[in-house]
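Numbers restart at 1 for each chain; the letters A, B, ... are given by sequence-line order, proteins then strands. Please read all numbers here as calculations on a predicted model, not as lab measurements.
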2 protein chains.
Amino acid sequence: MNTQTFRNWQRVQEEVLRRIHAREWLPGDLIPNEADLAIEFGCARSTVNRALRSLADSGLLDRRRKAGTRVAAEPVAKATLNIAVIRHEIEEHGARYGYMLIARSLVAPPLHISGAMQTQPMQEMLHVRALHLADETPYAFEERWVNPSVVPDALSEGFEKLSANEWLLKHAPYTHGDIAFSSVQAEPEVAEILDVPPHSALFAIDRLTWDNQASVTKVCLLFAPGYKLRTQI
Amino acid sequence: MNTQTFRNWQRVQEEVLRRIHAREWLPGDLIPNEADLAIEFGCARSTVNRALRSLADSGLLDRRRKAGTRVAAEPVAKATLNIAVIRHEIEEHGARYGYMLIARSLVAPPLHISGAMQTQPMQEMLHVRALHLADETPYAFEERWVNPSVVPDALSEGFEKLSANEWLLKHAPYTHGDIAFSSVQAEPEVAEILDVPPHSALFAIDRLTWDNQASVTKVCLLFAPGYKLRTQI
DNA sequence: AGGGTTATTATGTGCACACATAAAAGCGAT
DNA sequence: ATCGCTTTTATGTGTGCACATAATAACCCT
């Protein structure tokens with residue numbers, strides 16, 4: 001008989017995880033309610049609540065008021081990616097970071113850009129193209145549109161030394177954003193910049209961030225072949 | 001004077017977000033401690049704690065005991081990806097899901113597989129190759145290795161109708177795993193299976209899952225061009 | 001001044017209790 | 001049986017308190 005007590009929420013969580021892995025509680029099963037578990041574990045209900053809530057957040061449990069808590073039938077693997085500043089990413093690999101501004105201009109963007117950013121088609125936007133390097137080797141090509149009516153300070157920033165990637169994080173807060181990962185073939189111009197064969201398979205990160213209703217910036221990062229975005233689940 | 005009260009943790013969170021966003025609290029700034037905020041907001045310290053803890057989890061605040069809570073200097077965008085069962089992903093797009101088993105065998109894997117999975121090189125593993133289709137069009141190619149000593153039941157499963165992707169989720173729990181996203185050029189064989197030109201840029205998801213110390217399965221999913229993995233931040 | 005010990009302090013957590021809320025289950029009238 | 005109302009129940013959350021813990025700040029001794 002297991003009369004062990006689990007007095008803190010991490011241990012309760014561990015025990016619940018153990019039961020799920022040991023298949024004592026099968027996917028889809030309804031598990032005992034918080035009050036009963038609290039008695040069994042010899043702790044307060046709020047402790048059990050904290051443990052179960054945390055497991056529900058990570059997708060391992062499904063909880064519904066009155067219906068109770070059940071083991072997720074098909075646990076959705078939730079991978080949390082840390083999209084860091086590119087400089088940090090490179091430096092963490094122990095490489096020397098390099099940055100090169102390719103172009104910077106104030107122009108009316110193509111329609112698909114103004115459309116996505118929901119700005120007036122004729123409104124001029126700050127357009128920045130730059131290259132990030134690791135140990136002098138091209139690492140990622142950055143193409144960015146910045147909405148100057150939301151980030152006016154960007155107009156007085158040259159982005160010659162400091163990448164827009166980094167400058168915006170400090171100076172342009174955002175409320176939310178969309179991000180998409182995909183794979184694209186390198187167009188000739190980009191292939192040349194990244195110094196890779198044309199039509200190479202590049203890893204692309206597209207990001208569009210918003211400050212409440214207004215779009216802040218739209219960026220497309222194209223990573224040289226070999227790039228891998230890793231995380232744990 | 002703002003004498004409004006914020007009685008629940010979501011509203012406290014909203015107010016803190018508003019202040020960060022309105023730049024009342026700048027990146028790097030130390031914010032008032034929980035007790036003071038509780039007084040200001042007219043709620044209990046635990047309510048403030050819950051709100052701040054949640055914001056720290058999402059990377060917007062940095063908290064350290066005794067040192068206090070400060071606004072993250074460079075908020076790391078944490079994108080949470082839901083790696084769902086491929087069938088669900090396709091059906092959610094309103095497309096018809098199709099599945100085709102290409103090969104299934106029990107063989108000793110190449111060294112880089114047994115190496116990554118930390119199994120004996122000569123130990124036979126279940127090797128499954130399959131194709132996922134959306135509206136009869138190739139969607140993703142799945143190449144998988146399953147460790148039969150961890151999932152013996154897999155040996156009696158043919159994977160003719162039900163994909164290993166789905167079967168394993170139900171029958172093989174895992175404790176943790178690594179996942180990597182990258183971009184690769186389609187090799188001729190894969191290009192033919194996916195019915196795309198050779199050297200097309202494919203989106204790749206590599207996943208290796210573990211049950212405690214033992215590797216469960218290693219899978220490589222190659223998505224046809226056009227695939228985008230989306231999420232919000 | 002320097003180095004090591006102690007005190008202080010902000011966050012982290014646990015507990016008991018209360019009430020809120022969503023949703024299933026039961027019930028009753030038609 | 002079906003629709004609509006009420007009850008029940010499990011989770012969700014707020015409060016006040018206590019103590020734990022980590023890390024800084026203060027102190028003391030040399």
Output yes when at least one side-chain N/O atom of [X] is less than 4.0 Å from OP1 or OP2 of [N], else no.
X     : N      : answer
A:R50 : C:dT13 : yes
B:R63 : C:dG12 : yes
B:R64 : D:dT24 : yes
B:Q10 : D:dG12 : no

Is any side-chain heavy atom of B:P27 closer than 4.5 Å to one of A:K170?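 A:K170 does not reach B:P27 side chain to side chain.
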Do A:F41 and A:W9 have side-chain heavy atoms sitting under 4.5 Å apart?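 No - every pair of side-chain heavy atoms lies 4.5 Å or more apart.
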Among the nucleotides [options], which one has an atom lying closest to any side-chain atom of [X]?
X     : options                : value
B:N33 : D:dT13, D:dA10, C:dA10 : C:dA10
B:K66 : D:dG16, D:dG12, C:dT8  : C:dT8
B:A44 : D:dG16, C:dG12, C:dA10 : D:dG16
B:C43 : D:dT11, D:dT15, D:dG14 : D:dT15
B:T47 : C:dT13, D:dG14, C:dG12 : D:dG14

Rounding to a whole Å, what distance do you find between [X]:[atom1] and [N]:[atom2]?
X     : N      : atom1 : atom2 : result
B:R53 : D:dT21 : CZ    : P     : 18 Å
B:R11 : D:dG14 : CZ    : P     : 11 Å
B:F6  : D:dT15 : CZ    : P     : 14 Å
A:Q13 : C:dT13 : CD    : C1'   : 14 Å
A:D62 : C:dA22 : CG    : C1'   : 16 Å
A:L61 : D:dG12 : CG    : C1'   : 16 Å
B:E34 : D:dG14 : CD    : C1'   : 15 Å
A:L52 : C:dG14 : CG    : P     : 13 Å

Do the side-chain N and O atoms of B:E89 and B:Y139 include a donor-acceptor pair separated by under 3.5 angstrom?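 Result is yes, a qualifying pair exists.
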Do you see a donor-acceptor pair shorter than 3.5 Å between the side chains of A:E142 and A:H132?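 Yes, side-chain donor-acceptor contact under 3.5 Å.
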Would B:R19 and B:E40 count as a salt bridge (charged side-chain N to carboxylate O under 4.0 Å, His left out) if you check the C-alpha gap in whole Å, the side-chain angles of each, and the deciding distance to 0.1 Å? CA-CA 14 Å; B:R19 291 186 187 185; B:E40 186 186 341; 2.7 Å; yes
Of the options A:T69, A:T47, A:N49, which is the one that meets A:E34 in a side-chain hydrogen bond (donor to acceptor under 3.5 Å, both in side chains)?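 Testing A:E34 for a side-chain hydrogen bond (donor to acceptor under 3.5 Å, both in side chains) against A:T69, A:T47, A:N49 leaves exactly one candidate, A:N49.
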Could you pull out the closest heavy-atom pair between B:L221 and B:R207, with the gap in Å?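 Looking at all heavy atoms of both residues, the shortest contact is CD1-NH2, 3.8 Å.
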Looking at A:A79 and B:I83, what are the two nearest heavy atoms and their distance?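 Looking at all heavy atoms of both residues, the closest pair is CB-CG1, 4.5 Å.
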With heavy atoms under 4.0 Å as the rule, sort A:S46 into base, sugar-phosphate or nothing.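 Touches a base.
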With heavy atoms under 4.0 Å as the rule, sort B:R45 into base, sugar-phosphate or nothing.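 B:R45: base contact, heavy atoms under 4.0 Å.
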How large an angle, rounded to 10°, do the end axes of the helix from C:dA1-D:dT30 to C:dT30-D:dA1 enclose when each is built from five base pairs?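 End-to-end axis angle: 0°.
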